[in-house]
Protein chains: 2
Amino acid sequence: MAERMESPEGILDLISRIRETSSEILRRELEKNGIEGVVPAHGKIIFYLFREERPVPLSELVKASGRVKSTITGMTATLEKHGYLIRTGGFEDKRNVLVELTPKGRALRELFNDISIRVLDQIYIGIDRPEQEALTDSLSHIDRNLKDALALYIAKENIQ
Amino acid sequence: MAERMESPEGILDLISRIRETSSEILRRELEKNGIEGVVPAHGKIIFYLFREERPVPLSELVKASGRVKSTITGMTATLEKHGYLIRTGGFEDKRNVLVELTPKGRALRELFNDISIRVLDQIYIGIDRPEQEALTDSLSHIDRNLKDALALYIAKENIQ
DNA sequence: TAAAAGTAGTTCGGCGCCGAACCAAAGTCA
DNA sequence: TGACTTTGGTTCGGCGCCGAACTACTTTTA
């Protein structure tokens, strides 16, 4: 086995830091624009609702966000409390709780798009298109590697 | 401005997912080895204590971890509760709370090293050394870009 | 069609994580 | 030396996030 790269900083540290700093920047952008009660963690939910433009059951948000349902219960409660969405009971299936954006929630759309463009521009300063593509290819590769590895753990666990 | 890469998946999603999956794998590795009460978030603290091998004030852990002091108060309390470290009052400066690993805490060292090697190997399957280096270079570049961007926000804020 | 199994959400407890308020010990300085 | 500020930590409240337990509907199935 070849000697491992004792990098001055492991790739996972690098990735954690990038994620944290970018979240921090997003947080500040939201704050700067007077948006209260929304944090980056809500992004998956809100973007999903932007796309769907219809009342959506919580279970869909669970899938779309990768979070556990109790987390989604809490997050939608927070977003409802701040007036970005409303939750109503389902009709065909009474177990469903349907979630949809309010006008205040829909109004975030443009701002969010602007912000993600701005942050993406910041991220890629001094990195040309080919390098960007090489980077996302490598990251996709790693993403797949980790998913495969995790699948093994899960498979083993299901055998027990 | 060139058209932006409307990637099937933004780089930040990719990075978030990698971080999450790798944390999940670390969590399972710890669990598999019967380690209770330790989660990936404790890594920075524990590795710092591995390196120092002396009673360390909380303030150092704050710096080393990048977390806020109230977070460190909580995390060291958790780790103490599970017997990995002890907190004692300082002597020269009575405000200091000194933290040091117990034998049970020091015993984690080898395991942690093994685990990080294993995960790193998983991550880099099918990615050769030059690609690894290009990847970490790009990520370091982005890390710097984001830090610079964040510094601007902070500077602006301090002017207000 | 009644019982069993599955599905959608909520609630609860616990921890990470933050910011604000607070306390106590040091350091400063008039 | 006594007041003022700084510094090291803790506490508190709030939210993200999870897993386990629970409720209430639906669907299956015997």
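Within every chain, numbering begins at 1; the chains are lettered A, B, ... in the order of the sequence lines, protein sequences first and strands thereafter. FYI, side chains are in, hydrogens and waters are out, and symmetry mates aren't considered; it's all heavy atoms of this structure.
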In residues 30-42 of chain B, what donor-acceptor pairs under 3.5 Å come from side-chain atoms, sequence neighbours left out?
unit_1  : atom_1 : unit_2  : atom_2 : d
B:Asn33 : ND2    : B:Glu29 : O      : 2.7
B:His42 : ND1    : B:Val39 : N      : 3.0

Among [range], which residues get a heavy atom nearer than 4.0 Å to DNA chain D?
| range | result |
| --- | --- |
| residues 19-40 of chain B | none |
| residues 77-88 of chain A | A:Thr78, A:Lys81 |
| residues 53-70 of chain B | B:Pro57, B:Leu58, B:Ser59, B:Lys69, B:Ser70 |

>> Going by side chain to side chain contact (heavy atoms under 4.5 Å, CB included), A:Val56 matches just one of A:Asn96, A:Leu98, A:Leu61. Which one?
In response: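 Result for side chain to side chain contact (heavy atoms under 4.5 Å, CB included) with A:Val56: A:Leu61.
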> Out of B:Leu79, B:Thr78, B:Ile72, which residue meets the side chain to side chain contact (heavy atoms under 4.5 Å, CB included) rule with B:Thr76?
Replying inline: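 Going through the options one by one, the only one that passes is B:Ile72.
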Distance-minimising heavy-atom pair for [X] and [Y]:
| X | Y | answer |
| --- | --- | --- |
| B:Ser138 | A:Ile127 | O-CD1, 4.2 Å |
| B:Tyr124 | B:Thr136 | OH-CG2, 3.9 Å |
| B:Phe47 | B:Asn113 | CE2-OD1, 4.0 Å |
| A:Leu12 | B:Ser22 | CD2-OG, 3.7 Å |

> Among pairs that include at least one residue of residues 60-71 of chain B, which meet side-chain hydrogen bond (donor to acceptor under 3.5 Å, both in side chains), considering only residues two or more places apart or in two chains?
Replying inline: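 Passing the test, one end in residues 60-71 of chain B: A:Glu20-B:Arg67, B:Tyr48-B:Glu60, B:Arg54-B:Glu60.
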> Thinking salt bridges, do B:Arg129 and B:Glu133 make one under a 4.0 Å N-O criterion?
Replying inline: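 A salt bridge is absent here (no side-chain N lies under 4.0 Å from a carboxylate O).
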> Below 4.0 angstrom, N of the basic side chain to O of the carboxylate: do A:Lys147 and A:Asp143 qualify?
Replying inline: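 Yes, charged N to carboxylate O under 4.0 Å.
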>> salt bridge (Lys or Arg N to Asp or Glu O under 4.0 Å), that's the test. Do B:Arg17 and B:Asp13 meet it? Break it down for me.
In response: CA-CA 6 Å; B:Arg17 282 231 311 279; B:Asp13 293 299; over 6 Å; no
>> Below 4.0 Å from chain A heavy atoms, what is the first contacting nucleotide of DNA chain C and what is the last?
In response: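 In short, chain A contacts DNA chain C from C:dG6 to C:dT11.
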> Tell me the salt bridge (charged side-chain N to carboxylate O under 4.0 Å, His left out) pairs involving residues 80-98 of chain B, sequence neighbours left out?
Replying inline: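 Qualifying pairs, neighbours excluded: B:Glu80-B:Arg87, B:Asp93-B:Arg95.
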> What pairs of residues pass the salt bridge (charged side-chain N to carboxylate O under 4.0 Å, His left out) test when at least one of them lies in residues 102-114 of chain B, not counting sequence neighbours?
Replying inline: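 The answer is B:Glu53-B:Arg109.
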> Does any residue of residues 99-108 of chain A have a heavy atom under 4.0 Å from DNA chain C, and if so, which ones, in number order?
Replying inline: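 Listed by number, there are none.
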>> Quick check: on DNA chain D, is the nucleotide nearest A:Gly74 upstream (toward 5') of the one nearest A:Lys94, or the reverse? Name the residue that is more 5'.
In response: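 Result of the comparison: A:Gly74.
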>> I'd like to check the side chain to side chain contact (heavy atoms under 4.5 Å, CB included) partners of B:Ser16; sequence neighbours left out, ordered by chain and number.
In response: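 Checked B:Ser16 against side chain to side chain contact (heavy atoms under 4.5 Å, CB included); matches are A:Arg19.
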>> Restricting to side chain to side chain contact (heavy atoms under 4.5 Å, CB included), what partner residues turn up for B:Leu152, sequence neighbours left out?
In response: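 Testing B:Leu152 for side chain to side chain contact (heavy atoms under 4.5 Å, CB included), a comparison that skips the adjacent residues, returns none.
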>> What's the separation between atom CD in A:Glu24 and atom CD1 in B:Ile154, rounded to the nearest 0.5 Å?
In response: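 Nearest 0.5 Å value for the CD-CD1 distance: 7.0 Å.
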> Is the shortest heavy-atom distance from the side chain of A:Glu100 to the side chain of A:Leu49 under 4.5 Å?
Replying inline: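 No, every pair of side-chain atoms sits at 4.5 Å or beyond.
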> Along nucleotides 1-7 of chain D, 5' to 3', which nucleotides get a B, which get an S, and which get a -, given that the test is a protein heavy-atom distance under 4.0 Å?
Replying inline: ------B
